[in-house]
Amino acid sequence: MDRKTVLRKLGRYNLTGFQRKVLIATFSIPKGQTRSYKQVAAMAGYPNAARAVGSVMKMNPLAPTIPCHRVIKSSGETGNYSGKGGKQGKVLMLKKEHAI
DNA sequence: CAACACAAAGTAG
DNA sequence: CTACTTTGTGTTG
């Protein structure tokens, strides 16, 4: 799985530029590491769109492909998580990947 | 086009 | 530490 593959998948959806950038930025998070919503937003080119990043994660069209569970709050907390298991499952997954 | 929603961040107390 | 304000983009009507 590489960036081009993800871009190709994203191309199948009617996504806005913001969503694509955010998803790619999230996908670019190295395994075993975490990034804050703000960091992802900044990486995507929108340094003040941390909340919007949350909106994108919520709709994440490539949920299994995009490691949205590696995106946490700047405080080091996990924040909320709309996926199965809620933030508890998120933390568990992060622990499995040694991200925490 | 306007109003509402969002898994945050920042600032003030 | 808690509470309030600010902020940017997506979605829906």
Side-chain angles (χ1 to χ4, degrees):
Chain A
M1 188 70 75
D2 55 78
R3 181 186 163 121
K4 283 174 67 176
T5 305
V6 178
L7 281 172
R8 182 159 48 80
K9 287 172 178 277
L10 291 176
R12 297 172 187 164
Y13 301 87
N14 185 20
L15 299 173
T16 64
F18 175 77
Q19 287 180 315
R20 288 196 188 189
K21 290 168 193 272
V22 170
L23 291 170
I24 290 296
T26 305
F27 175 77
S28 304
I29 300 175
K31 184 180 179 181
Q33 291 189 28
T34 54
R35 292 296 171 100
S36 69
Y37 291 93
K38 190 176 184 183
Q39 285 295 340
V40 174
M43 214 189 314
Y46 301 78
N48 303 315
R51 295 184 71 192
V53 171
S55 297
V56 175
M57 293 298 112
K58 178 177 74 159
M59 292 185 284
N60 187 5
L62 296 177
T65 306
I66 306 294
C68 50
H69 56 271
R70 289 181 194 159
V71 184
I72 61 178
K73 304 212 301 184
S74 62
S75 324
E77 313 270 319
T78 56
N80 199 3
Y81 184 58
S82 304
K84 186 178 182 181
K87 58 183 179 182
Q88 189 176 2
K90 177 174 180 176
V91 173
L92 192 64
M93 196 179 301
L94 287 172
K95 284 187 176 183
K96 258 186 165 182
E97 297 185 0
H98 302 111
I100 283 183

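In the text below, chain A, chain B and the rest are named by the order of the sequence lines, each starting its count at 1. The analysis underlying the following values was restricted to heavy atoms, covering all of them including side chains, and did not include hydrogens, waters or symmetry mates.
Checked against B:dA7, B:dA8, C:dG10, the side chain of A:Asn80 finds its nearest nucleotide in B:dA7. Of the candidate nucleotides C:dG8, C:dG10, B:dA9, C:dG8 has the atom nearest to the side chain of A:Arg51. With distances taken from any side-chain atom of A:Met57 to the nucleotides B:dA7, C:dT9, B:dA9, the minimum falls on B:dA7. Checking C:dT9, B:dG10, B:dA7 against every side-chain atom of A:Lys38, the shortest atom distance belongs to B:dG10. Taking only side-chain atoms of A:Tyr81, from C-beta outward, the nucleotide of B:dA7, C:dT7, C:dG10 with the closest atom is B:dA7.
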Dot-bracket encoding per residue of DNA chain C, Watson-Crick/G-U cut-off under 3.5 Å, | denoting interstrand: ||||||.||||||

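The two residues A:Tyr81 and A:Gly86 have their closest heavy-atom pair at CD2-O, 3.0 Å. Heavy atoms only, all atoms of each residue included: A:Cys68 and A:Met57 are closest at CB-SD, 3.3 Å.
Between A:Ser55 and C:dT9 there is no side-chain polar atom (N or O) within less than 4.0 angstrom of OP1 or OP2. Taking only side-chain nitrogens and oxygens, A:Asn48 comes nearer than 4.0 Å to OP1 or OP2 of C:dG8.
Atom-to-atom, CD of A:Glu77 to P of B:dA9 comes out at 10 Å; the value is rounded to the nearest Å. Whole-Å rounding puts the A:Met59 CE to B:dA5 C1' distance at 10 Å. Atoms CD1 (A:Ile72) and C1' (B:dA9) sit 14 Å apart, rounded to a whole Å. What separates CD of A:Gln19 from P of B:dC6 is a distance of 15 Å, to the nearest Å. Between A:Met43 atom CE and C:dG8 atom P the separation is 19 Å, expressed in whole Å. Here the P atom of nucleotide B:dA5 and the CZ atom of A:Phe18 are 19 Å apart, to the nearest Å. The OH atom of A:Tyr46 sits 20 Å away from the C1' atom of C:dT6 (whole-angstrom rounding). As rounded to whole Å, 12 Å separates atom P of C:dG10 from atom CG of A:Asn14.
Under the 3.5 Å distance criterion, the side-chain polar atoms of A:Lys90 are left unmatched by any main-chain donor or acceptor of A:Lys84. Side chain of A:Arg70 to main chain of A:Ile29: a donor-acceptor pair is present (N/O by atom type, distance under 3.5 Å, no hydrogens or angles). Remark: side-chain polar atoms of A:Gln33 are not paired, donor with acceptor, to backbone N or O of A:Pro30 under 3.5 angstrom.
Nucleic acid contact for A:Ala49: sugar-phosphate only, since backbone atoms but no base atoms lie under 4.0 Å from a heavy atom of the residue. A:Ser75 comes within 4.0 angstrom of no nucleic acid atom, judged by non-hydrogen atoms across all strands. Residue-level contact check: A:Ser74 touches the backbone only, with heavy atoms under 4.0 Å from sugar-phosphate atoms and none from bases. Using a 4.0 Å heavy-atom distance criterion, A:Lys90 is classed as a base contact.
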Stepwise side-chain contact (heavy atoms from CB on, under 4.5 Å) test for A:Arg3 and A:Ile24: CA-CA 7 Å; A:Arg3 181 186 163 121; A:Ile24 290 296; 3.5 Å; yes

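Checking each of A:Asn60, A:Leu62, A:Thr65 against A:Leu23 for a side-chain contact (heavy atoms from CB on, under 4.5 Å) leaves exactly one that passes, namely A:Asn60.
Comparing A:Lys58 and A:Lys73 against DNA chain B, the residue whose closest nucleotide sits nearer the 5' end is A:Lys58.
Within 6.0 Å of CG on A:Asn14 lie no more than 12 heavy atoms contributed by other residues, nucleotides or ligands.
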